[in-house]
Amino acid sequence: MEELKRAVAKEALKFIEDDMVVGLGTGSTTAYFIEYLGKLIMEGELEDVYGIPTSYQARLLALENGVPVVGLDEVDAIDIAVDGADEVDPYLNLIKGRGAALTMEKIIEYRAGTFLVLVDESKLVERLGQKMPVPIEVIPAAWRAIAEEIEVFNATAELRIASKKDGPVVTDNGNFILDARFHRIDDPLDLEIELNNIPGVVENGIFADIADIVLVGTRDGVKKLER
Ligand SMILES: O=C[C@H](O)[C@H](O)[C@H](O)COP(=O)(O)O
């Protein structure tokens with residue numbers, strides 16, 4: 001699996017040119033991309049490339065690997081954003097947020113000229129929600145009320161608990177994460193909008209209609225899916 005992730009991360013470098021502002025995604029697949037991008041910048045193969053991190057993880061990796069970082073409020077436009085995903089359906093709708101970075105990821109990827117997604121073949125599903133829950137970032141005081149309200153959607157929601165800290169996961173923005181399992185997601189765009197209408201929801205991990213290209217690492221090489 002690591003080999004497949006490395007292969008898509010290498011392929012993604014072909015989309016990066018001099019003078020680009022690049023959204024830097026979060027997770028294990030994008031970590032390889034940031035590492036390789038840093039190498040090209042350090043070797044002088046790419047010039048005037050700046051990264052906008054979607055999380056503290058991405059920021060630390062960028063600094064460690066020599067990718068200069070800028071904030072969203074310092075640029076006029078984002079040329080391309082590169083990120084992983086937890087599930088990809090046949091229409092290139094995504095579930096993201098296993099790493100709890102979904103809000104900043106969506107803020108940046110929504111605004112990118114091109115949103116390039118990097119996955120291995122295990123992430124492809126017929127229907128969103130088949131394997132993974134939908135992460136929902138919520139204001140801490142509202143977590144229980146929202147978890148109950150989500151039952152209206154024929155779903156159950158669980159507060160995400162941290163593994164290297166006691167108590168709940170706290171996001172980069174200081175919020176909690178609910179992981180919601182839906183009986184069946186028929187219309188991802190509709191559900192994405194409905195969830196964001198619940199007061200106290202900051203953002204949810206359905207990314208409908210925003211991915212432009214998905215690179216899929218398979219045992220037979222990297223495949224390109226386009227919308
Ligand atoms: O919050 C985390 C992100 O949405 C990740 O991009 C996603 O979970 C994919 O991560 P990985 O490449 O490690 O599977």
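Both ligands and their constituent atoms are indexed starting at 1 by order of listing. The structure presented is a predicted model; accordingly, all values stated were derived computationally and were not measured.
By the 3.5 Å distance cut-off applied to N or O atoms, Ala85 is not counted among the residues near ligand 1. Considering backbone and side-chain atoms alike, Gly27 places every N or O at 3.5 Å or more from each N or O of ligand 1.
Looking only at protein heavy atoms, the nearest one to atom 3 (C) of ligand 1 is Glu105 OE2, 3.0 Å. Shortest contact from atom 6 (O) of ligand 1 to any protein heavy atom: Thr26 O, 2.7 Å. Regarding atom 7 (C) of ligand 1, its nearest protein heavy-atom neighbour is Asp86 OD1, 3.2 Å. Protein heavy atom in closest approach to atom 12 (O) of ligand 1: Thr29 OG1, 2.6 Å. Atom 13 (O) of ligand 1 has as its closest protein heavy atom Ser28 OG, 2.5 Å. Looking at atom 14 (O) of ligand 1, its nearest protein heavy atom turns out to be Lys123 NZ, 2.8 Å.
Within the 4.0 Å heavy-atom criterion, the part of Ala100 lying near ligand 1 is the backbone and not the side chain.
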Stepwise side chain to side chain donor-acceptor pair (under 3.5 Å) check, Ser122 with Asp120: CA-CA 6 Å; Ser122 71; Asp120 62 71; 2.4 Å; yes
Start with the C-alpha gap between Lys223 and Glu121, add the side-chain angles, then the distance that decides, and say whether salt bridge (charged side-chain N to carboxylate O under 4.0 Å, His left out) holds. CA-CA 9 Å; Lys223 294 193 174 145; Glu121 55 193 343; over 6 Å; no
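Across the listed options Arg98, Gln57, Glu87, Arg98 owns the non-hydrogen atom lying nearest to atom 10 (O) of ligand 1.
Remark: distances from the non-hydrogen atoms of Gly25 to ligand 1 are all 4.0 Å or more. Every heavy atom of Lys5 sits 4.0 Å or more from the atoms of ligand 1.
Near Asp83, the atoms of ligand 1 lying under 4.0 angstrom from a non-hydrogen atom of the residue are 6 (O). Taking every heavy atom of Gly99 and a limit of under 4.0 angstrom, the matching atoms of ligand 1 come to 1 (O), 2 (C), 8 (O). Listed by atom number, the atoms of ligand 1 under 4.0 Å from Ala101 heavy atoms are 1 (O).
Remark: Lys96 is positioned above the aromatic ring of Phe207, its terminal NZ or CZ atom under 6.0 angstrom from the ring centre and at most 45 degrees off the axis.
Judged by distance alone, the side chain of Asp212 and the main-chain N or O of Phe115 form a donor-acceptor pair under 3.5 Å.
With contacts defined as side-chain heavy-atom distances shorter than 4.5 Å, the pair Asp18/Leu46 qualifies. Residues Lys131 and Val125 meet the side-chain proximity criterion, which asks for heavy atoms closer than 4.5 Å. Side-chain contact between Asn93 and Leu189 is absent, with no heavy atoms from C-beta onward closer than 4.5 Å.
Across Ile95, Asp86, Leu128, a single residue satisfies side chain to side chain contact (heavy atoms under 4.5 Å, CB included) together with Val134, and that is Ile95.
Residue Glu17 comes nearest to Val49 through the heavy atom pair O-CG2, 3.5 Å, listed as atom of the first residue, atom of the second, then distance.
Between Glu148 and Arg144 a salt bridge is recorded (basic side-chain N to carboxylate O distance below 4.0 Å).
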